[in-house]
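Here the structure is a predicted model, which means the values were calculated and not measured. Numbered from 1 within each chain, the chains take letters A, B, ... in sequence-line order.
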There are 2 protein chains.
Amino acid sequence: MADRFERELMRGSLDLMVLSVLADGANYGYLIQKRVREASGQTVKLEAGTLYPLLHRLEASRAIRSKWDDSTGRKRKWYELTAAGRRRVRAQAAQWNQYVDCIQQLLKPALAALPAK
Amino acid sequence: MADRFERELMRGSLDLMVLSVLADGANYGYLIQKRVREASGQTVKLEAGTLYPLLHRLEASRAIRSKWDDSTGRKRKWYELTAAGRRRVRAQAAQWNQYVDCIQQLLKPALAALPAK
DNA sequence: ACAGATATATCGAACAACTATACATTGTCG
DNA sequence: CGACAATGTATAGTTGTTCGATATATCTGT
């Protein structure tokens, strides 16, 4: 992330980011982290210390479910959406769009009122 | 706000909301609150206990500046953007757009992968 | 006179995110 | 072969934001 704002900005929508990644298919922590990083053009660095507690919270709330994979040398914990999780992605995506519209409505007149640069 | 998610969602972008309102012209707390509420179609309720500390933070960081108006019966504290505040609105707006794009990139394949409903 | 809207403010609780740290394995480069 | 980077998950402690509750005071309509 470029600076402090970008960090703060993410607060509250990290859930949606992670759920979105999992909606696209089962995945494990480290890869989820990379996926988010790439989707943001390297600007959003979802730290491990943020991601793992978040995954645990999502699991505790039954939006996702996990399963260890010990078959390979590196132990990986795979996560996948539950039915409730899928409902949640749809609901949160709808709210996200609504929220974006709201910000746009405030931002449009604001930028128009600001001097060109 | 409808539910818990919407509340969490706002975290981190309340700054931008308030700064946007002020970019559109000087304003005072109570009206800022109503403006945000209306822009969101009544879904975002920016609580007084959230707004006033936020305004104080913004003032402490010199993005805005305040002035009491005692000329009318009701005392109002007017806020306006500083030059630094205007720069901040532009910068944060740019970051916001970038961030929205990022979420969209994650959300698009996610929704495509989910069953129709 | 009273209720409800206007208007600002602060405190404490709850909680999310970050930093730092820990630990173990695998691949790479010299 | 030894060091270092990358892979992979996890937690403890700190900080900061948001919220609900509460306080205070004025104005308007009934």
Would you list the protein and nucleotides 27-29 of chain D atom pairs, both N or O, that sit under 3.5 Å from each other?
{"from": "D/dC27", "atom 1": "O4'", "to": "B/R74", "atom 2": "NH2", "distance (Å)": "3.0"}
{"from": "D/dC27", "atom 1": "O2", "to": "B/R74", "atom 2": "NH2", "distance (Å)": "3.2"}

Q: Kindly write out the residues that satisfy side-chain contact (heavy atoms from CB on, under 4.5 Å) with B/R62, not counting sequence neighbours, or none if the list is empty.
A: none
Q | Residues that B/K67 engages under side-chain contact (heavy atoms from CB on, under 4.5 Å), provided they are two or more places apart | A | none
Q: Return the set of residues passing side-chain hydrogen bond (donor to acceptor under 3.5 Å, both in side chains) with A/S61 (not counting sequence neighbours), or none when no residue passes.
A: A/R88
Q | Contact list for DNA chain D against residues 52-68 of chain A - heavy-atom distance below 4.0 Å | A | A/Y52, A/P53, A/H56, A/W68
Q: Only counting residues at least two apart or in another chain, list the ones meeting ring-ring contact (aromatic ring centres under 6.0 Å, His included) with A/Y28.
A: A/W78
Q | Partners meeting salt bridge (charged side-chain N to carboxylate O under 4.0 Å, His left out) with A/R65 (sequence neighbours left out) | A | A/E80
Q) side-chain hydrogen bond (donor to acceptor under 3.5 Å, both in side chains) with B/D101: which residues, sequence neighbours excluded? A) none
Q. With sequence neighbours left out, what residues match B/D24 under side-chain hydrogen bond (donor to acceptor under 3.5 Å, both in side chains)?
A. B/R35
Q | Identified stems (criterion: three or more consecutive Watson-Crick or G-U pairs, under 3.5 Å), DNA chain C | A | C:1-30 with D:1-30
Q | Partners meeting side-chain hydrogen bond (donor to acceptor under 3.5 Å, both in side chains) with B/S71 (sequence neighbours left out) | A | B/D69
(Q) List the residues meeting side-chain contact (heavy atoms from CB on, under 4.5 Å) with B/R87, not counting sequence neighbours, and say none if there are none. (A) B/A83, B/A84, B/R90
